[in-house]
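The sequence lines fix the lettering, A, B, ..., with proteins before strands; numbering per chain opens at 1. In this text the structure is predicted, and so the values were computed from the model without any measurement.
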Amino acid sequence: MPELPEVENFKNYIDETSLHQKIAAIQIAAPELLINTTIDILRDTLTGNAFEDTFRHGKFLFIRLQKNGFLMLHFGMTGDLLYYTPDKKYPKVYVLLIQFENGRNLAFSDQRRLGKIGLVKNVESFIEDRGYGKDALKISLEEFIVLFQKRRVAIKTALMNQKIVAGVGNEFSDEILFQSKVHPESKSNVLPLEKLKEIYQHMLAILQEAIEQNADRNKLEHYFFLDHRKEGLKCPECKGETKLRTIGGRSSYFCPSCQKLYT
DNA sequence: TGACTTGTTCAAAT
DNA sequence: GATTTGAACAAGTC
């Protein structure tokens, strides 16, 4: 599931493959993913244009165009990118296909179609209008503490709320709380200051390492819950059994003996 | 067959 | 008004 590190990885992928090339044509296979634009406007804007650079905020990726603002991509649950030379081997399924003048294609695929595609004039006002919080890698400790001290919801729910801090999803929130030894149902506003600080530090460390490893789960084996999302496993710390519980409408895995519940 | 999965948004409740 | 809760969406798996 694309969370912040995966989206950063997509950003790097576009930087390495798709910048400064004239777009010859585009194909749109899933118009229902478009927000604040239409097929015609998107086609008119992108054709003859080029990608200049990229910017990530939380799980959103913005690609600056040579003219007329930014192309915005959100990867939902199953979004993926592939840059390739079209030939018979690639009957690539896509929701948006960018065909460059050099003959290469960039395909945005999204099996479950929970992604989003849009045009954005101004990234800062897009983020502000929609009420998203600071990016998880850019928020300061002080800002983090102020926000989390006033939320009464479960800490896991707060961490996943993009309007508080942007970029953390279900899977990374489980790992952050496991490393911090905090039960996911602990109320955010009752956590001791020291614990909030630990959560903040683990959030940064885990996200940063995942980015360094290109969000490759095989290289994150030492992270217990990122590697094993199952109930009834042996916790590597205490050898107790891991539990599954629905928290904030999302499945949450945790170790009930290592992760302390603050009420 | 239908329950379950996730990121986001919306409506309703507090 | 701000915050919280829960349902809805899609489409695939089991």
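- Counting to the nearest Å, the C1' atom of dT8(B) and the NE2 atom of H74(A) are 7 Å from each other.
- Within the 4.0 Å cut-off from OP1 or OP2 of dA2(C), not a single side-chain nitrogen or oxygen of R152(A) is found.
- In this structure, N161(A) places its CG atom 15 Å from C1' of dT6(B), rounding to the nearest Å.
- Atom CD1 of I247(A) is separated from atom P of dT4(C) by 16 Å (rounded to the nearest Å).
- In this entry the distance linking CD1 of I35(A) with P of dG7(B) reads 17 Å, nearest Å.
- The residue among T246(A) and K163(A) whose nearest nucleotide of DNA chain B is located toward the 5' end is T246(A).
- Using cut-offs of 30° and 60° on the angle between ring planes, the pair F55(A) and F62(A) is tilted.
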From CA spacing to verdict: side-chain hydrogen bond (donor to acceptor under 3.5 Å, both in side chains), Q208(A), E212(A): CA-CA 6 Å; Q208(A) 273 160 357; E212(A) 282 163 22; over 6 Å; no

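- Per the geometry, CD belonging to E185(A) stands 11 Å off P belonging to dT5(C), to the nearest Å.
- Between Q162(A) and dG7(B), a side-chain N or O to OP1/OP2 separation shorter than 4.0 Å is absent.
- Rounded to whole Å, the distance from CD on E3(A) to P on dT6(B) is 10 Å.
- Evaluated for a side chain to side chain donor-acceptor pair (under 3.5 Å) with S180(A), the options K260(A), E198(A), H202(A) yield exactly one hit, H202(A).
- With a 4.5 Å cut-off on side-chain heavy atoms, K243(A) and Q259(A) do not count as touching.
- Neither F148(A) nor Y132(A) shares a network with the other; the hydrophobic side chains, linked directly or stepwise wherever heavy atoms of I, L, V, M, F, W or Y lie under 4.5 Å apart, form separate groups for each.
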Base-contact (B) and sugar-phosphate-only (S) positions in nucleotides 8-14 of chain C, heavy-atom cut-off under 4.0 Å, - elsewhere: BBBB---

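- For S251(A) against L244(A), the heavy-atom pair with the smallest separation is CB-CD1, 3.6 Å.
- Side-chain nitrogen and oxygen atoms of Y132(A) include none within less than 4.0 Å of the OP1 or OP2 phosphate oxygen of dG7(B).
- Backbone-only engagement by K59(A) is indicated by non-hydrogen atom pairs under 4.0 Å involving sugar-phosphate atoms exclusively.
- Contacts of S251(A) with the nucleic acid, taken as non-hydrogen atoms under 4.0 Å apart, involve only primed sugar atoms and P, OP1 or OP2.
- No donor-acceptor contact under 3.5 angstrom links the side chains of K22(A) and N102(A), judged on distance only.
- Atom CD1 in I164(A) sits about 15 Å away from atom C1' in dT8(B), given to the nearest Å.
- Taking atom CD1 of I117(A) as the reference point, atom P of dG7(B) lies 19 Å away to the nearest angstrom.
- Proximity of R151(A) to the phosphate of dT4(C): a side-chain N or O atom is located under 4.0 Å from OP1 or OP2.
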